[in-house]
Amino acid sequence: TWPDKSFDAATMWHVLEHTGDPLANLQKIHALLKDDGVFIMAVPNADNRIFRMFYPLARRKFLRYYTPGERELHLCHFTERTLRLMLEKAGFRVLRIGIDRSALGFGHQVLEWLAVLLYATTGLNWSEALEAVAVKK
């Protein structure tokens, strides 16, 4: 373990949704960061309505938030609003929450570009994943 205020920056890419106590994890990261330390993270977007529309067509079943025995179990789900509230509760000042554009597959990239266009024109974030940038208060 490291002492408090050990790091200038921290990242957490698609990890928080797999933890049983996301607030405690964010508070620990907050403690480990130096004053004005930067935290950048990404989580799946529970408001991803594009995916939620196409999933039943492609898989011929409805998308469930929790499936026992799932390969990558997501214990928590976040929208832009809930992610912002949790980061603030952990002591961060959120600089921005936007679209995580790190999708690798071609089909995912196409859907992300549709989400980017939708976000730019309407402000609705229906991307596959959220990227947040925050600083320690």
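At least one donor-acceptor pair closer than 3.5 Å links the side chain of N45 to the backbone N or O of N125. Of the possible polar contacts, one joining the H30 side chain to the G91 backbone as a donor-acceptor pair under 3.5 Å is found.
Residue S102 comes nearest to W13 through the heavy atom pair OG-NE1, 3.7 Å, listed as atom of the first residue, atom of the second, then distance. When all heavy atoms of T79 and L130 are compared, the pair lying nearest together is C-CD1, 3.6 Å. Nearest heavy atoms, A42 versus E17: O-OE1, 4.2 Å. Across all their heavy atoms, H18 and H74 have their closest contact at CE1-CD2, 3.2 Å. Closest heavy-atom contact between F78 and P22: CZ-CB, 4.0 Å. The two residues A46 and H77 have their closest heavy-atom pair at CB-CB, 4.1 Å.
In the hydrophobic clustering of this structure, V15 groups with F7; members are Ile, Leu, Val, Met, Phe, Trp, Tyr whose side-chain heavy atoms approach within less than 4.5 Å, directly or through other members. Side-chain heavy atoms closer than 4.5 Å link hydrophobic residues (I, L, V, M, F, W, Y) into clusters, and following such links, even through other members, never connects L83 to L95. A single hydrophobic cluster is seen to contain both M12 and I97, as judged by linkage of ILVMFWY side chains at heavy-atom distances under 4.5 Å, directly or through other members. Note: the hydrophobic cluster containing V38 does not contain F92 (ILVMFWY, side chain heavy atoms under 4.5 Å, direct or indirect links). The same ILVMFWY cluster, assembled from side-chain heavy atoms under 4.5 Å apart, contains both L87 and L23.
The side chain to side chain contact (heavy atoms under 4.5 Å, CB included) test with S127 singles out one residue from L118, D47, I99, and that residue is I99.
Residues meeting the salt bridge (Lys or Arg N to Asp or Glu O under 4.0 Å) test with E131, sequence neighbours left out: R96.
Surrounding CH2 of W113 are at most 12 heavy atoms belonging to other residues, nucleotides or ligands under 6.0 Å away.
Here L32 contributes atom CG and D4 contributes atom CG; the two are 6.0 Å apart, rounded to the nearest 0.5 Å. Note that the CG atom of L26 and the NZ atom of K28 stand 13.0 Å from one another [nearest 0.5 Å]. Here the CG-CE distance, from N25 to M86, works out to 10.0 Å after rounding to the nearest 0.5 Å.
I29 has its side chain out of reach of M41: every pair of non-hydrogen atoms, C-beta onward, lies at least 4.5 Å apart. Using a 4.5 Å heavy-atom threshold, the side chains of V133 and I40 count as touching. Two residues are said to be in side-chain contact when any heavy atoms from C-beta on lie closer than 4.5 Å; E88 and V94 meet this criterion.
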* Verdict with supporting geometry, K34 and K136, side-chain contact (heavy atoms from CB on, under 4.5 Å) -> CA-CA 8 Å; K34 294 177 183 176; K136 182 176 181 174; over 6 Å; no

